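The structure appears right after this line, and notes come after that.
Treat the numbers as computed from the prediction; the structure is a model and nothing was measured. In what follows, every heavy atom counts, from backbone to side chain, and hydrogens, waters and symmetry copies are set aside.
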Amino acid sequence: MVEHDALSATREAYDAAAVTYEQLFSDSLRDSPLDRAILGVFAEVVSASGDGQVADLGCGPGHVTAHLGELGLAAFGVDASPVMIKLARQAHPGLRFDVGSMTALDIADGVLGGVLSRWSVIHTPPRELPVILAEFHRVLAPGGHLLIGFSASEDPSHPTQVFDHAVAPAYRWWPDHLAEMLRESGLSEVARMVREPQPTDRRQFKGVQLLARKA
């Protein structure tokens, strides 16, 4: 199937790029005050809603999972790339990291206080995204929060746009369209942060992070 092929190709591409990716991005939060701020908000609302665990889905080498732990959350990471998970376990031996797919998470229903998805859905073919959003909804407890990050498209008449990601084919989303998909999945938008591209950014895309809550 196309979706299976896309997942396999993405997994293989990230396995091959994992070491370079870790070298490039393991310190990325240090110079990203806006990202740290929205992660701090996420940690606060999750903590205020209860003591549930938080899954960092598409965790890569685990640096953001570790940051969530520093913010006081019981966080663990999941990634489709076995090499990424190996690197995450080596770098953060005190945390839990599992190989897994967002299309079929090995997580029980309604047990998570939070789900973090930072640019981890961008390689998903658009027709498959509802499956992943349904999984996010399934594993969240009532009142649990999702923070999802992605690159924004520029034309509301074309809600998704393909772009030449360095690792694997990827998609940008019109923010209101993705917010509507969240609503259709039972996740209501609470807030959003839009980051304008910086002059030094390789791609001049807006970065969007939507905070949503399960009723």
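For the pair His63/Arg30, no side-chain contact is recorded, criterion being any heavy-atom separation below 4.5 Å from C-beta on. Residues Leu133 and Ile148 meet the side-chain proximity criterion, which asks for heavy atoms closer than 4.5 Å. Contact annotation: the side chain of Val54 never approaches that of Val115 to less than 4.5 Å [non-hydrogen atoms, C-beta and beyond]. Proximity of His158 to Ser153: side-chain heavy atoms (C-beta onward) are nowhere separated by under 4.5 Å. Side-chain contact check for Tyr14 versus His123: some heavy-atom pair is nearer than 4.5 Å. No side-chain heavy atom of Glu180 sits under 4.5 Å from any side-chain heavy atom of Leu182. Contact annotation: the side chain of Ile132 never approaches that of Glu128 to less than 4.5 Å [non-hydrogen atoms, C-beta and beyond]. Annotation: side chain of Ser120 is in contact with side chain of Met102 (closest heavy-atom distance under 4.5 Å).
Other residues, nucleotides and ligands contribute more than 12 heavy atoms inside 6.0 Å of the CD atom of Glu184. Dense packing is recorded around CG of Asp109, with more than 12 heavy atoms of other residues, nucleotides or ligands lying under 6.0 Å away.
Remark: Arg172 is not positioned above the aromatic ring of Phe150, lacking an NZ or CZ atom under 6.0 angstrom from the ring centre and at most 45 degrees off the axis.
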Q: Quick one: do Arg96 and Gln53 satisfy side chain to side chain contact (heavy atoms under 4.5 Å, CB included)? Show the steps, please.
A: CA-CA 11 Å; Arg96 169 187 159 194; Gln53 288 187 310; 4.2 Å; yes
Q: Start with the C-alpha distance between Leu34 and Ile38, add both sets of side-chain angles, then the distance that settles side chain to side chain contact (heavy atoms under 4.5 Å, CB included), and finish with yes or no.
A: CA-CA 6 Å; Leu34 291 178; Ile38 193 67; over 6 Å; no
Q: Would you sort out whether Asp35 and Arg118 count as a side chain to side chain contact (heavy atoms under 4.5 Å, CB included), showing the intermediate values?
A: CA-CA 10 Å; Asp35 283 348; Arg118 282 175 53 86; 3.5 Å; yes
Q: Take Ser117 and Phe136 through the test side chain to side chain contact (heavy atoms under 4.5 Å, CB included) and record every step on the way to the result.
A: CA-CA 9 Å; Ser117 171; Phe136 292 171; 3.9 Å; yes
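In this structure, His92 and Phe97 have tilted ring planes: the angle between them lies in the 30° to 60° band.
With sequence neighbours excluded, the residues forming a side chain to side chain contact (heavy atoms under 4.5 Å, CB included) with Arg192 are Pro175, Asp176, Ala179, Glu189, Val194, Leu210, listed by chain and number.
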Taking distance alone, no hydrogens or angles, what donor-acceptor pairs closer than 3.5 Å link side-chain atoms of residues 64-83 to residues at least two apart or in another chain?
residue	atom	partner	partner atom	Å
Thr65	OG1	Asp56	OD2	2.7
Asp79	OD1	Ser81	N	2.9
Asp79	OD2	Cys59	N	3.3
Asp79	OD2	Gly60	N	2.8
Ser81	OG	Asp15	OD1	2.5
Ser81	OG	Val83	N	3.4
Ser81	OG	Met84	N	3.1

